[in-house]
Amino acid sequence: MNLRYQFIGGRIMKASQLFYPTLREVPSEAEIASHQLLLRAGFIRKTSAGVYSYLPLAKRVLRKIENIIREEMDRAGGQELMMPIIQPQELWEKSGRWSVYGDEMFRLYDRHNRGFALGPTHEEIITTLVDADVQSYRDLPLLLYQIQNKYRDEIRPRFGLMRGREFIMKDLYSFDVDYEGLDVSYKKMHSAYRAIYDRMNLNYRVVEADSGAIGGNESHEFMVLADSGECTVIYCESCDYAANVEKAQCKAADDIKSKSDLMSIEKISTPGMKTVHDLVTLGISEQEVLKTLMYSADEEIIAVVLRGDRDLNEIKLKNFLGAEQLFMADEASVRERCGAGFGSLGPVGLKLKIYADLELTGMRNFSCGANEDNYHFTHVNMGRDFVPEAVIDLRNAVEGDLCPVCSASLKSIRGIEVGHIFKLGTKYSDAMGASFINANGEEKAMIMGCYGIGVSRTMAAAVEQNNDDNGIIWPIPIAPYHVIIVPVNTKKEEQMQAANSIYEELIADGIEVILDDRDERAGVKFKDADLIGIPIKITIGPKSLQEKQAEVKKRWEGETELVPLDQVVKTIKGIIAAGMKK
RNA sequence: CGGGAUGUAGCGCAGCUUGGUAGCGCGUCUGGUUCGGGACCAGAAGGCCGCAGGUUCGAAUCCUGUCAUCCCGACCA
């Protein structure tokens with residue numbers, strides 16, 4: 001393999017000149033490993049909440065990630081372009097998202113008071129662009145991508161690069177003549193994404209996802225597995241099923257159907273009891289309680305019922321209802337409609353549409369609010385005491401649920417969403433009027449897909465997954481430098497001579513290497529080398545030098561290997577080649 | 001947006017209760033001794049105590065406002 005695989009810029013490779021200000025102490029604002037380490041190791045500095053400067057080491061990592069992405073996008077037939085960050089209001093009004101996007105969108109106004117958005121995404125621009133210059137089916141399919149800064153005024157930026165307000169993203173948009181074409185483009189991207197994360201040596205999983213506000217019907221997320229992840233992934237060890245918890249289906253669990261006889265409904269006094277947990281003090285378990293939630297779905301108040309210990313999945317509810325807006329009803333209007341406040345609600349006698357979770361099918365004789373403050377019913381049964389509008393899958397899947405595909409027990413794990421691919425269909429091509437003339441001379445809307453990768457977030461995710469007490473451990477394919485050479489004492493000429501000659505040889509072979517020529521004590525240099533996470537460290541010290549040897553240590557392993565000086569370059573090349581392929 | 005916390009030197013913090021002109025550790029600079037996992041000694045530089053008002057003879061400290069940052073939550077009754 002050719003190690004001279006990419007030149008990512010930067011000629012300064014001597015630590016004495018490199019700008020990587022390391023910190024001995026943890027900045028107090030940083031909570032998670034990637035944030036702390038990227039700050040401490042001199043990769044990033046905060047400019048304002050959720051907005052960061054990327055220092056030279058970080059820039060190199062970003063370039064490597066970008067280059068891997070570029071190669072795979074190009075291989076899949078993508079063409080790179082670049083679109084503006086500043087986007088005119090009128091484009092966003094055309095798609096209807098100027099109002100829909102809300103506070104998440106940074107807005108600014110020019111001297112003529114014309115509105116602009118700082119692009120949170122680029123569907124509007126690209127669709128307009130393609131509309132203007134693509135008229136014929138002969139020009140399709142088209143796969144266009146860019147790597148660009150994006151802006152989202154997050155409610156709460158957090159965790160450093162994980163959830164920033166300015167971030168780097170690769171976004172590709174596909175334009176096809178029909179849905180079969182979209183399937184082809186989607187599959188190309190799916191495998192390109194796998195190739196990208198494989199090449200970066202990240203431990204990830206592809207999961208089924210909800211396509212959310214962007215619209216469309218098929219969607220996958222690429223999750224880098226890490227405890228600090230903001231997403232919960234539900235997956236099956238017996239088959240390939242994996243889904244974002246927002247999407248994960250719950251099976252109707254026939255086998256847990258209660259066999260007890262139906263008992264008569266009974267009203268009990270429950271003074272002051274408002275929560276499911278309160279009822280537990282009466283000897284009723286959370287599994288025997290029926291929880292009633294009131295929602296306002298496009299102005300209509302509805303009731304949702306599910307088992308007391310379960311969590312409602314609002315996305316499932318929203319999708320089922322096809323509602324534009326869904327939020328919990330306020331207590332005043334609930335009291336007006338139901339005659340009781342939160343905590344005393346139940347489905348019995350309710351004159352509202354009731355949506356019941358699938359799991360309730362298997363429940364008998366449960367307890368719920370009586371729609372009268374301080375009273376509950378026990379021995380309530382669905383079908384007899386109330387009839388729901390629909391019985392559907394409404395709850396969040398949890399570990400131990402049955403796999404919807406193979407019925408094995410599901411597991412749950414945390415993940416960082418680093419990639420997301422969508423089938424969009426014609427949502428934007430319709431809105432922006434992006435059409436073409438097909439072979440029969442008919443005008444048709446282009447069928448679109450969009451495919452994103454959080455570049456800066458991927459860098460953080462890589463750190464999150466690859467670190468130890470001493471610092472970062474970069475996977476070789478995205479490490480800022482492959483090798484760091486540490487002469488134990490820069491004042492000893494023979495050490496510097498040996499270090500320099502290895503340094504020159506490695507550079508000549510296209511290997512990216514830092515020579516730590518600083519007049520520092522060995523301990524300081526070792527600590528910094530570990531902190532910034534360079535995968536391979538070569539130590540030149542008096543002990544081994546006497547034997548004409550250097551010490552080679554992999555950052556991810558404990559042992560040091562003694563290598564004859566004239567074999568060092570060969571050894572290093574071997575380690576890198578193995579690390580690039582892994 | 002709701003709740004909580006914090007703003008004092010590049011970083012980490014003390015001082016604030018009980019007002020009296022700012023301190024510690026790390027880092028930085030100079031000199032020396034050291035030199036294989038964040039050395040030691042001596043010296044030095046560095047602060048509109050977030051900002052704006054107010055109280056007071058006097059404010060980092062008390063009061064009001066404001067801004068910023070971080071954490072939790074944002075509707076599971």
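Just so you know, these numbers come straight off a predicted model, no measurement behind them. Lettering of chains follows the sequences in order, A, B, ..., and the numbering in each one begins at 1.
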Undergrad: Let's test your reading of the model: under 3.5 Å, does the base of B/G10 pair with the side chain of A/Glu25 as donor and acceptor?
TA: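 By the distance-only test, no, there is no pair.
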Undergrad: Out of the candidates A/Asp311, A/Asn313, A/Thr232, only one should pair with A/Asn396 under the side chain to side chain donor-acceptor pair (under 3.5 Å) rule; please name it.
TA: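 Of the listed options, the one satisfying the test is A/Asn313.
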Undergrad: Which whole-number value in Å describes the distance from A/Leu317 CG to B/C75 P?
TA: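 So the two atoms are 13 Å apart, to the nearest Å.
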Undergrad: At under 4.0 Å between heavy atoms, what does A/Pro21 touch on the DNA or RNA strands: base, sugar-phosphate, or nothing?
TA: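 Contact class for A/Pro21: none.
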Undergrad: Scan A/Lys492 against the nucleic acid and name what it touches under 4.0 Å (heavy atoms): base, sugar-phosphate only, or nothing.
TA: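 Nothing, no heavy atom under 4.0 Å.
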Undergrad: Pick the C1' atom in B/A5 and in B/C48, then give their distance to the nearest Å.
TA: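 Comparing C1' positions in B/A5 and B/C48 gives a spacing of 25 Å.
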Undergrad: Provide, to the nearest angstrom, the distance between the CZ atom belonging to A/Arg40 and the C1' atom belonging to B/G27.
TA: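 Answer to the nearest Å: 13 Å.
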Undergrad: For the side chain of A/Pro542, starting at C-beta, report the closest nucleotide among B/G38, B/U34, B/G36.
TA: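 Taking heavy atoms from C-beta onward, the closest nucleotide is B/G36.
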Undergrad: Work out how far the C1' atom of B/C72 is from that of B/G37, and round it to whole angstrom.
TA: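 One C1' to the other, the span is 39 Å.
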Undergrad: Would you mind reading off the distance between A/Leu360 atom CG and B/C76 atom P, rounded to a whole angstrom?
TA: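 Roughly 19 Å, once rounded to whole Å.
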Undergrad: Roughly, in whole Å, what's the span from CG in A/Asp528 to C1' in B/G37?
TA: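 These atoms are roughly 11 Å apart.
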Undergrad: Where do A/Lys267 and A/Glu372 land on the salt bridge (Lys or Arg N to Asp or Glu O under 4.0 Å) test, with the steps shown first?
TA: CA-CA 10 Å; A/Lys267 188 170 175 179; A/Glu372 188 179 335; 2.6 Å; yes
Undergrad: Anything under 30° is parallel, anything over 60° is perpendicular, the rest tilted; go ahead and classify A/Trp474 against A/Phe43.
TA: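 Answer is tilted, since the angle falls between 30° and 60°.
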Undergrad: Using a 6.0 Å distance limit plus a 45 degree cone around the ring axis, check whether A/Arg60 lies over the aromatic ring of A/Tyr481.
TA: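 Yes, cation above the ring, under 6.0 Å and within 45°.
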Undergrad: Measuring to OP1 and OP2 of B/C71, would you say a side-chain N or O of A/Arg156 lies under 4.0 angstrom away?
TA: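 A/Arg156 to B/C71 OP1/OP2: side-chain N or O found under 4.0 Å.
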Undergrad: Go through the side-chain N and O atoms of A/Thr22 and A/Arg40 and say whether any donor and acceptor fall under 3.5 Å apart.
TA: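 A/Arg40 and A/Thr22 do not have a side-chain donor-acceptor pair below 3.5 Å.
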Undergrad: If you measure from the C1' atom in B/U18 to the same atom in B/C71, how many Å do you get, rounded?
TA: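 The answer is 32 Å between these two C1' atoms.
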Undergrad: Just how far, in rounded Å, is C1' of B/C35 from CZ of A/Arg521?
TA: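 So the CZ-C1' distance, A/Arg521 to B/C35, works out to 5 Å.
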Undergrad: Using the P atoms only, state how far B/C67 lies from B/A60, rounded to an integer number of Å.
TA: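 It works out to 23 Å between them.
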Undergrad: Out of B/A77, B/G36, B/U28, which has the shortest distance to the side chain of A/Glu551?
TA: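 Nucleotide nearest to A/Glu551's side chain: B/G36.
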Undergrad: Within the 4.0 Å heavy-atom criterion, would you say A/Asp530 contacts the bases, only the backbone, or no part of the nucleic acid?
TA: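 The answer is base, as A/Asp530 lies within the cut-off (heavy atoms under 4.0 Å) of a base atom.
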Undergrad: Which nucleotide sits closest to the side chain of A/Lys537: B/C70, B/C75, B/G37?
TA: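 Within the option list, the nearest is B/G37.
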Undergrad: Using Watson-Crick or G-U wobble geometry with both distances below 3.5 Å, tell me the partner of B/C1, or none.
TA: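 Pairing partner, where one exists within any strand: B/G73.
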Undergrad: Roughly how far, to the nearest 0.5 Å, is the CG atom of A/Leu290 from the CG atom of A/Asn365?
TA: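 A/Asn365 CG to A/Leu290 CG: 12.5 Å, rounded to 0.5 Å.
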Undergrad: Compare the minimum distances between each of B/G38, B/G36, B/G12 and the side chain of A/Pro27, then state the nucleotide with the smallest one.
TA: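 Selected nucleotide: B/G12.
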Undergrad: Given atom NZ of A/Lys527 and atom C1' of B/G27, what is their separation to the nearest angstrom?
TA: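 Result: 17 Å.
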Undergrad: Scan every strand shown for a Watson-Crick or G-U wobble partner of B/U17, both distances under 3.5 Å, and answer none if you come up empty.
TA: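 Result: none.
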Undergrad: Using a cut-off of less than 4.0 Å, is there contact between a side-chain N or O of A/Lys525 and OP1 or OP2 of B/G36?
TA: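 No, no such contact exists.
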Undergrad: Could you please name the partner base of B/G10, counting Watson-Crick and G-U wobble pairs only when both distances are under 3.5 Å?
TA: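 In the structure as shown, B/G10 has B/C26 as its Watson-Crick or wobble partner.
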Undergrad: Of the nucleotides B/A77, B/C71, B/C70, which one has an atom closest to the side chain of A/Met294?
TA: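 Ranking B/A77, B/C71, B/C70 by closest atom to the A/Met294 side chain puts B/A77 first.
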Undergrad: In Å, rounded to the nearest 0.5 Å, how long is the span from CD of A/Gln17 to CG of A/Asp517?
TA: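 Between atom CD of A/Gln17 and atom CG of A/Asp517 there are 7.0 Å.
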Undergrad: Should B/A39 form a Watson-Crick or G-U wobble pair with both distances under 3.5 Å, which nucleotide is its partner?
TA: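 Matched B/A39 with B/U33 under the 3.5 Å cut-off.
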Undergrad: Any ion pair linking A/Lys316 and A/Asp393 (charged N to carboxylate O, less than 4.0 Å)?
TA: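 Yes, this pair counts.
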Undergrad: Assess whether a salt bridge exists between A/Glu300 and A/Lys353, defined as any Lys/Arg side-chain N lying under 4.0 Å from an Asp/Glu carboxylate O.
TA: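 Yes, this pair counts.
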Undergrad: Please work out if A/Val304 contacts a base, only the sugar-phosphate, or nothing of the nucleic acid, heavy-atom cut-off 4.0 Å.
TA: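 Nothing, no nucleic acid heavy atom in range.
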Undergrad: Just the rounded figure in Å: distance from C1' of B/G10 to NZ of A/Lys46.
TA: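 It works out to 15 Å between those atoms.
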Undergrad: It should be established whether A/Arg24 places a side-chain nitrogen or oxygen under 4.0 Å from OP1 or OP2 of nucleotide B/C11.
TA: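 Result: no.
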Undergrad: Strictly by Watson-Crick or wobble contacts shorter than 3.5 Å, is anything paired with B/G65, and which nucleotide is it?
TA: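 WC or wobble partner is B/C51.
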Undergrad: For RNA chain B, find the residues of residues 459-470 of chain A with a heavy-atom distance under 4.0 Å and give them by number; none if there aren't any.
TA: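 The stretch gives none, as no residue of it lies under 4.0 Å from the strand.
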Undergrad: With the threshold set at 4.0 Å, does a side-chain nitrogen-carboxylate oxygen contact exist between A/Arg165 and A/Asp153?
TA: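 Judged by the 4.0 Å cut-off on N to carboxylate O distance, A/Arg165 and A/Asp153 do form a salt bridge.
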Undergrad: Need one value for A/Ser344: base, sugar-phosphate or nothing, where a base atom within 4.0 Å counts as base even if backbone is also close, heavy atoms only.
TA: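 Here A/Ser344 touches no strand at all.
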Undergrad: Looking for any heavy atom pair under 4.0 Å, which part of the strands does A/Gln495 touch: base, sugar-phosphate only, or nothing?
TA: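 A/Gln495: no heavy atom of the nucleic acid under 4.0 Å.
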Undergrad: Can you tell me how far P in B/G46 sits from the matching atom in B/G23, rounded to whole Å?
TA: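 Their P atoms lie roughly 13 Å apart.
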Undergrad: Taking for each residue the nucleotide of RNA chain B with the nearest heavy atom, is it A/Leu306 or A/Glu29 whose nucleotide lies nearer the 5' end?
TA: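 That would be A/Glu29.
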Undergrad: Output yes when at least one side-chain N/O atom of A/Ser28 is less than 4.0 Å from OP1 or OP2 of B/U6, else no.
TA: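 Result: no.
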Undergrad: Can you check the A/Ile540 CD1 to B/G36 P distance for me, whole Å?
TA: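 Taking atom P of B/G36 as the reference, CD1 of A/Ile540 is at 15 Å.
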Undergrad: Please report the distance separating the C1' of B/U28 from the corresponding atom of B/G15, rounded so that it comes out in whole Å.
TA: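 Here B/U28 and B/G15 have their C1' atoms 24 Å from each other.
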Undergrad: Return whichever of A/Gly50 or A/Tyr295 has its heavy-atom-nearest nucleotide of RNA chain B closer to the 5' end.
TA: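 Its nearest nucleotide being more 5', the pick is A/Gly50.
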Undergrad: Could you verify whether a donor N or O on one side chain and an acceptor N or O on the other, from A/Gln549 and A/Ser544, lie under 3.5 Å apart?
TA: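 There is no such pair (donor and acceptor under 3.5 Å, judged by atom type) between the side chains of A/Gln549 and A/Ser544.
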Undergrad: Rounding to the closest angstrom, what is the interatomic distance between B/C63 and B/U56 at atom C1'?
TA: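 That atom pair is separated by 12 Å.
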Undergrad: Please measure how far the C1' atom in B/U30 lies from the corresponding atom in B/A14, and state the result in whole Å.
TA: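 Approximately 28 Å lies between the C1' atom of B/U30 and that of B/A14.
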